Amino acid sequence: MELTFIYISISGNTRSFIQRLKTDLENQGHQVETLDVSTLDNATYPIERPFIAFLPTYLEGGNGIDNGDHEILTNGLGDFIEAHDNFKQCLGIVGSGNKNFNNQYCLTAMQYAKYFDFPFLADFEMRGTPKDITRIGQIILETYQKA
């Protein structure tokens, strides 16, 4: 199966997770292409194949529930997904973050899912664990099989 992951990584946690997930899925015989939009200098282009998005949470201000929030650092992924109607190719999003931030944990990914109307598929904390790799890999394979 050919899989495509589009993500943004600021601290390196998401990149680390994607690299380990890619290796695991390739070891199972799948082809995986990845794109870190933070390397594109705000450039966008149409995506012609289904993909899974990965988004860490970086917010400032508010608690994200009753007094707002402001996304910082990761807007490039949202811009890329929105450009050229790329969101229509997105099969879903995987969020990451730090559980210490309580209600803000994976909040940005949940907001993208609602705004773009695609499913929130899964979450992992920080760099994720080997169990997260297995769990999320299975969810991704099932999502592609259904598509």
Side-chain angles (χ1 to χ4, degrees), residues 1-45 47 49-65 67-84 86-87 89-144 147:
M1 188 178 305
E2 188 174 324
L3 312 169
T4 302
F5 302 153
I6 298 178
Y7 69 98
I8 192 165
S9 186
I10 307 302
S11 67
N13 288 340
T14 303
R15 184 177 302 107
S16 170
F17 186 84
I18 293 289
Q19 289 169 344
R20 290 179 291 128
L21 178 62
K22 177 180 179 180
T23 298
D24 185 65
L25 290 166
E26 287 177 339
N27 287 340
Q28 295 177 47
H30 303 287
Q31 182 181 349
V32 181
E33 286 189 44
T34 64
L35 172 63
D36 180 350
V37 300
S38 65
T39 66
L40 297 179
D41 250 357
N42 298 317
T44 63
Y45 56 86
I47 297 295
R49 61 192 172 280
F51 68 91
I52 303 290
F54 291 78
L55 180 65
T57 300
Y58 288 89
L59 301 171
E60 69 179 7
N63 64 13
I65 302 301
N67 62 356
D69 61 81
H70 178 70
E71 179 183 3
I72 56 172
L73 307 176
T74 57
N75 303 73
L77 182 66
D79 294 342
F80 189 88
I81 290 172
E82 191 163 34
H84 314 284
N86 285 334
F87 66 91
Q89 293 289 351
C90 187
L91 299 176
I93 193 164
V94 175
S96 64
N98 185 329
K99 289 183 179 178
N100 287 339
F101 294 119
N102 300 315
N103 292 333
Q104 289 188 352
Y105 175 69
C106 297
L107 181 61
T108 310
M110 288 184 255
Q111 289 172 336
Y112 276 36
K114 184 176 179 180
Y115 179 79
F116 291 113
D117 195 30
F118 48 62
F120 179 85
L121 298 173
D123 65 271
F124 63 93
E125 185 174 23
M126 306 299 283
R127 289 183 179 252
T129 66
K131 286 183 181 180
D132 292 327
I133 297 291
T134 301
R135 175 180 58 85
I136 292 173
Q138 186 61 41
I139 290 168
I140 288 168
L141 292 175
E142 290 170 3
T143 299
Y144 266 89

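These numbers come from a predicted model, not from an experiment.
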> Which atom names give the shortest non-hydrogen contact between Arg127 and Gly12, and what distance separates them?
Replying inline: NH1-O, 3.9 Å
> Would you say the side chain of Phe51 lies within less than 4.5 Å of the side chain of Glu33, judging by non-hydrogen atoms?
Replying inline: no
> Which atoms form the tightest heavy-atom contact between Lys22 and Val32, and what is the distance?
Replying inline: CE-O, 3.3 Å
> Can you name the closest pair of heavy atoms from Tyr144 and Thr4 and give their distance?
Replying inline: OH-N, 3.0 Å
> Do you know which two heavy atoms are closest between Ala109 and Gly95, and how far apart they sit?
Replying inline: CB-CA, 3.5 Å
>> Can a side-chain donor-acceptor contact be found between Asp132 and Thr129 if the only test is distance below 3.5 angstrom?
In response: yes
> So how far is it from Leu21 CG to Thr134 OG1, rounded to the nearest 0.5 Å?
Replying inline: 9.5 Å
> Are Leu77 and Ile6 side-chain neighbours, meaning at least one heavy-atom pair lies under 4.5 Å?
Replying inline: yes
> Got Val37 and Ile81 here, is their nearest side-chain heavy-atom distance under 4.5 Å?
Replying inline: no
> Should the ring pair Phe118 and Phe116 be called parallel, tilted or perpendicular, given that the plane angle runs from 0 to 90° and is split at 30 and 60?
Replying inline: parallel
>> With a 4.5 Å cut-off on side-chain heavy atoms, are Leu3 and Leu141 touching?
In response: yes
>> I need the minimum non-hydrogen distance between Val94 and Ile136, along with the two atoms involved.
In response: CG1-CD1, 4.1 Å
> Say you draw a straight line from CZ of Arg15 to OG1 of Thr34; how long is it, rounded to the nearest 0.5 Å?
Replying inline: 10.0 Å
> Where do Pro119 and Ala113 come nearest, in terms of heavy atoms and distance?
Replying inline: C-CB, 4.1 Å
>> Taking the ring of Tyr7 and the ring of Phe5, is the distance between their centroids below 6.0 Å?
In response: no
>> Does atom CG (Asp117) have a neighbourhood of more than 12 heavy atoms from anything else shown, all under 6.0 Å?
In response: no
> Parallel under 30°, tilted from 30 to 60°, perpendicular over 60°: which one fits the rings of Phe17 and Phe124?
Replying inline: parallel
